[in-house]
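In each ligand, atom 1 is the first atom listed, and ligand 1 is the first ligand listed. Along the sequence shown, the residues carry numbers beginning at 1. Side chains are part of it too, since the values below use all heavy atoms of this structure and drop only hydrogens, waters and symmetry mates.
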Amino acid sequence: MRPARALINLQALRHNYRVARQLCADKALAVVKADAYGHGAVHCALALHDIADGFAVACLDEALELREAGVTLPILLLEGFFDPDELQLIVAHDLWCVIHADWQLEALERAALLRPLTVWLKMDSGMHRVGFFPREYQAAWQRLQVCSNVATVVLMSHFSQADELHSARTQEQYQIFTDVVTGMQAPISLCNSPALLAWPSIRSDWSRPGIILYGSQPVAMHGVSVEKLQPVMTLQSKIISVRELSAGEPVGYGAQYVSEQPVRVGIVAMGYADGYPRHAPTGTPVAVDGRMTQILGRVSMDMLAVDLTGLKQAGVGSSVELWGAIVSVDEVATRAGTISYELLCNVKRVRYEYSAYDSLKNTIA
Ligand SMILES: *Cc1c(COP(=O)(O)O)cnc(C)c1O
């Protein structure tokens with residue numbers, strides 16, 4: 001069998017959720033959209049079920065997959081419904097629903113629902129993607145107050161630059177939001193992962209951590225001391241071929257790398273069809289048998305080359321970590337000109353293996 005695998009450490013996932021929970025000091029919806037950022041939403045949600053306050057996903061299909069797997073905790077639809085027809089299923093499966101646009105509000109008012117819903121009313125405080133403008137928000141809130149299809153309202157917004165420590169934008173958005181919601185008696189939800197890490201003064205009743213649950217750290221922590229995040233996914237494969245090349249020999253498509261000295265090259269069963277980024281250049285770190293080295297030349301669809309020159313023991317069958325506990329996915333993403341989110345979401349074709357976890361272990365204070 002092809003040795004490309006994604007090992008998913010569910011104990012690390014639980015640890016990271018607890019770190020997120022400690023950072024926000026209140027309730028946290030574990031964001032498991034996009035198949036839990038490529039980690040497997042059902043496995044991840046079940047592994048968090050006894051410690052999470054709830055989950056967040058991007059759409060009804062993702063929520064139904066979790067319900068069918070036995071997830072009974074609250075599940076929030078981050079973009080609400082895309083078609084008013086979905087409202088009946090949202091009620092039937094007891095889902096929480098973001099309302100971010102006028103057309104959704106109208107559909108909600110018109111619907112005949114068996115039970116009233118928990119609605120998260122989204123404000124566009126500056127991201128300018130979805131949500132009601134600050135000047136429209138009060139009116140939307142009033143309409144929800146008198147709508148018989150609404151049981152509970154949570155006030156929410158989303159930051160666009162929380163990962164930029166020197167930008168004033170997050171504080172500005174926070175101020176805009178706070179000015180509008182003052183006096184509204186409802187819980188508030190603001191922080192994604194970068195906001196939890198970088199803006200400890202901004203707290204809300206419900207946080208929405210995503211990427212930190214998977215052990216990637218998109219931004220430095222700001223003077224807060226918390227347990228370190230643990231990488232959840234190890235993307236690994238094996239060396240399937242080794243060749244010694246003299247100086248001046250090209251490796252891979254387009255001769256993007258040409259040896260300057262004699263090199264020992266290992267070929268790994270991992271390529272961009274597995275989700276490893278084709279834009280990762282020569283020099284991107286990789287670990288062979290636990291030791292750091294680098295990739296050489298262009299990544300192909302099913303294979304890539306690594307430098308074994310300094311690794312005398314390594315050979316066919318040696319284990320290769322593309323990212324995980326030794327090679328940070330954040331570092332690979334930076335080299336490839338992208339972010340960890342995209343790399344993790346894009347993993348495919350490889351075999352997934354899930355570690356067991358102990359629900360009593362790994363409790364952090
Ligand atoms: C995806 C998403 C999150 C999680 O973001 P991270 O940066 O992964 O923590 C939070 N809130 C909303 C609205 C999202 O769409």
*With ILVMFWY side chains joined below 4.5 Å, transitively, what does Met303's cluster contain besides itself?*
Ile240, Leu245, Val251, Tyr257, Val263, Val265, Ile267, Leu296
*asked:* Show me, by chain and number, every protein residue that has a heavy-atom distance under 4.0 Å to ligand 1.
replied: Val31, Lys33, Tyr37, Leu78, Lys122, His158, Asn192, Ser193, Pro194, Arg208, Pro209, Gly210, Ile211, Tyr341
*What salt bridge (Lys or Arg N to Asp or Glu O under 4.0 Å) pairs are there with at least one residue in residues 250-276, not counting sequence neighbours?*
Arg2-Asp274, Glu244-Arg264, Asp274-Arg349
*asked:* For His128, give me all partners under side-chain hydrogen bond (donor to acceptor under 3.5 Å, both in side chains), at least two apart in sequence or on another chain.
replied: Asp124
*Do the side-chain N and O atoms of Arg208 and Ser189 include a donor-acceptor pair separated by under 3.5 angstrom?*
yes
*May I ask you to decide whether Glu65 forms a salt bridge with Arg67, counting only side-chain N to carboxylate O separations under 4.0 Å?*
no
_Thr234-Glu321 side chain donor-acceptor pair, cut-off 3.5 Å_ = no
